[in-house]
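Heads up: the structure comes next, in structure tokens.
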Amino acid sequence: MLPRHVLLLATAHSYRLPAFEVAAARLGVRLSRAVDAPAALAGADRRGLRTPFRDEEAALAAIAAFARDQPVAAILPVDDAGALLAARAGALLGLPYNAPQAAQAARDKAIMRDRLAAAGVPVPAYRRVSLDADPAAVAGSLSYPCVVKPTRLSGSRGVIRVDDGATFVSAFRRVARLLRHTDPDGPGELLVEAFVPGVEVALEGLLGEEGLATLALFDKPDPLDGPYFEETIYVTPSRLPATDQAAIAECAAAAAAALGLRRGPIHAELRLNEDGPWLIEAAGRSIGGLCSEVLRFGVDSSLEELILRQACGLPMAGLVRERAARGVMMIPIPRAGMFRGVAGIEEAAAVPGVDGVKITAPFHNPLVPLPDGESYLGFIFARGETPAAAEASLRAAHRRLRFAIDPIVTLLPTGDA
């Protein structure tokens, strides 16, 4: 029997660690964590170990040494940062998980596009463009509108829609500077792909021997037409017709197979229009931030509990999503500046249907909105008899929040200035 011990790979400030810890305690699973840390801080601690994820050889050696002393049933990534390392560590130790090639394809959007297109999964027309290319020369060869997109950043960071050559040149330079600042050792390229109109949804699933099990399908009721693609509201169950939902699940399953993802959580972003579903992204991890708090299965089991159950070979039968409609709003950053505080939390929390309001951005720290930034101000959670009711509660609560943000000098270069 597999040991009930799981090693999580996470960043130091991951939102998700507490939820996994609660789930592990409920299941009687021992949980350790490998936290991404600078080499100077690497070593063991009481909860696991610290290791630099970018130094893959060192990280693999540290994880292997840890697992020899404390055998584990699985090594799981909490977010994108640890996805590829988790797969390579699992392969090194002979643990059941996705192959490293599959994890890499789900991590790098350019590789993802190549594999999906080759398998016939509907994806936007795309091309790779070197960061050293002359954007003015590239602009004349494009069809508009199109989207400039980093290959390895997540959460819509650096994703910009452009409608003509002039805005392409500006967006290209902006994203190139962002990548040179955040990912200097990256692939040195970005994607330019056709803009796909339509409604956007997110599918949360779990892959296993029987294929893809859809755990939840989220509607994104706010239009995501650009120029930036900041996500705000997720609501489940979806209000789309059953035939559309089935087509979306089929497209996500085909994408997982094309990428080689076979086991564990999957979070897929798709668009739906008159031509059917289009696969925008598929990640070999579960939903980010605190969004998983709106998902409950069986007798109040969390998404994290389902992931740990599968990893440890524990029973999964009967764990279907609750019938109530639930929603979450990722509170957007309205403008760059120094975050001084927020008023109206009690009023927002008192809105009928609202389950809670959590401000996660630290006070007296700088805020950088998308597409240059990578975070949100916090989260609002709601439930309702219908998806529309849950959505209305989220919007009403958000209107009651007032944010104090002092202007400061821009932290990252934007535009062409």
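Owing to the predicted nature of the structure, the values given are computational and were not obtained by experimental measurement.
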Show me the donor-acceptor pairs within less than 3.5 Å that the side chains of residues 28-38 make with the rest of the protein, sequence neighbours left out.
from	atom 1	to	atom 2	distance (Å)
Arg30	NH1	Gln70	OE1	3.3
Arg30	NH2	Gln70	OE1	2.0
Ser32	OG	His5	NE2	2.8
Asp36	OD1	Phe53	N	2.9

Pair up each side-chain donor or acceptor in residues 139-151 with any protein partner under 3.5 Å, not counting sequence neighbours, and list the distances.
from	atom 1	to	atom 2	distance (Å)
Ser141	OG	Arg127	NH1	2.8
Ser141	OG	Val138	O	2.7
Tyr144	OH	Ala139	O	2.8
Lys149	NZ	Glu193	OE2	2.9

Side-chain donor/acceptor pairs under 3.5 Å, residues 397-404, sequence neighbours excluded:
from	atom 1	to	atom 2	distance (Å)
Arg400	NH1	Ala396	O	2.8
Arg402	NH1	Arg400	O	3.2

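The shortest heavy-atom contact between Ala311 and Val6 is CB-CG2, 4.4 Å. In terms of heavy atoms, Arg174 sits closest to Pro371 at NH2-CD, 3.6 Å. Between Arg128 and Ile111, the closest heavy-atom pair is NH2-N, 3.9 Å. Contact between Thr182 and Pro184 at its shortest, heavy atoms only, is C-CD, 3.5 Å. The nearest pair of heavy atoms linking Leu279 to Ala268 is CD2-CB, 4.5 Å. Of all the heavy atoms in Ser301 and Arg26, the pair that sits closest is OG-NH2, 3.7 Å.
Between the side chains of Glu204 and Ser286, no donor-acceptor pair is found at a separation under 3.5 Å.
Using a 4.0 Å cut-off between charged side-chain N and carboxylate O, Arg239 and Glu391 make a salt bridge. Taking 4.0 Å as the cut-off between side-chain N and carboxylate O, Asp222 and Arg395 count as a salt-bridged pair.
A donor-acceptor contact shorter than 3.5 Å links the side chain of Ser393 to the backbone of Pro352. Although no hydrogens or angles enter the test, the distance criterion places no donor-acceptor pair under 3.5 Å between the side chain of Arg4 and the main chain of Cys312. A donor-acceptor pair is defined here as one N or O able to donate and one able to accept, closer than 3.5 Å; such a pair exists between the side chain of Arg321 and the backbone of Ala324. Of the possible polar contacts, one joining the Arg271 side chain to the Val196 backbone as a donor-acceptor pair under 3.5 Å is found. A side-chain donor-acceptor contact under 3.5 Å links Ser302 to the backbone of Glu305. Here the side chain of Asp219 pairs no donor or acceptor atom with the backbone of Pro221 at under 3.5 angstrom.
By the salt bridge (charged side-chain N to carboxylate O under 4.0 Å, His left out) test, Arg326 is found to be paired with Glu322, Asp355, residues two or more places apart in sequence or in another chain being considered. Residues meeting the ring-ring contact (aromatic ring centres under 6.0 Å, His included) test with Phe172, sequence neighbours left out: Phe168. Partners of Asn273 according to the side-chain hydrogen bond (donor to acceptor under 3.5 Å, both in side chains) rule, which considers only residues two or more places apart in sequence or in another chain, are Trp278. Shown here are the side-chain hydrogen bond (donor to acceptor under 3.5 Å, both in side chains) partners of Ser14, two or more places apart in sequence or in another chain: there are none. Looking at residues two or more places apart in sequence or on another chain, you find no side-chain hydrogen bond (donor to acceptor under 3.5 Å, both in side chains) involving Ser375. A search for ring-ring contact (aromatic ring centres under 6.0 Å, His included) contacts involving Tyr376 returns nothing, not counting sequence neighbours. In this structure Phe379 satisfies the ring-ring contact (aromatic ring centres under 6.0 Å, His included) test together with Tyr15, sequence neighbours excluded. Partners of Phe381 according to the ring-ring contact (aromatic ring centres under 6.0 Å, His included) rule, which considers only residues two or more places apart in sequence or in another chain, do not exist here.
Tyr97 does not carry Arg263 over the face of its six-membered ring by the limits of under 6.0 Å from the centre and within 45° of the normal.
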Chi angles and distances behind the salt bridge (charged side-chain N to carboxylate O under 4.0 Å, His left out) call for Arg180, Asp185: CA-CA 8 Å; Arg180 290 187 175 110; Asp185 300 321; over 6 Å; no
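Within 6.0 Å of CD on Glu56 lie more than 12 heavy atoms contributed by other residues, nucleotides or ligands.
Each of Arg285, His267, Arg152, Arg107 was checked for a side-chain hydrogen bond (donor to acceptor under 3.5 Å, both in side chains) with Asp80, and the lone residue meeting it is Arg285.
Pairs passing the ring-ring contact (aromatic ring centres under 6.0 Å, His included) check and including a residue from residues 217-251, sequence neighbours excluded, read Phe218-Tyr234.
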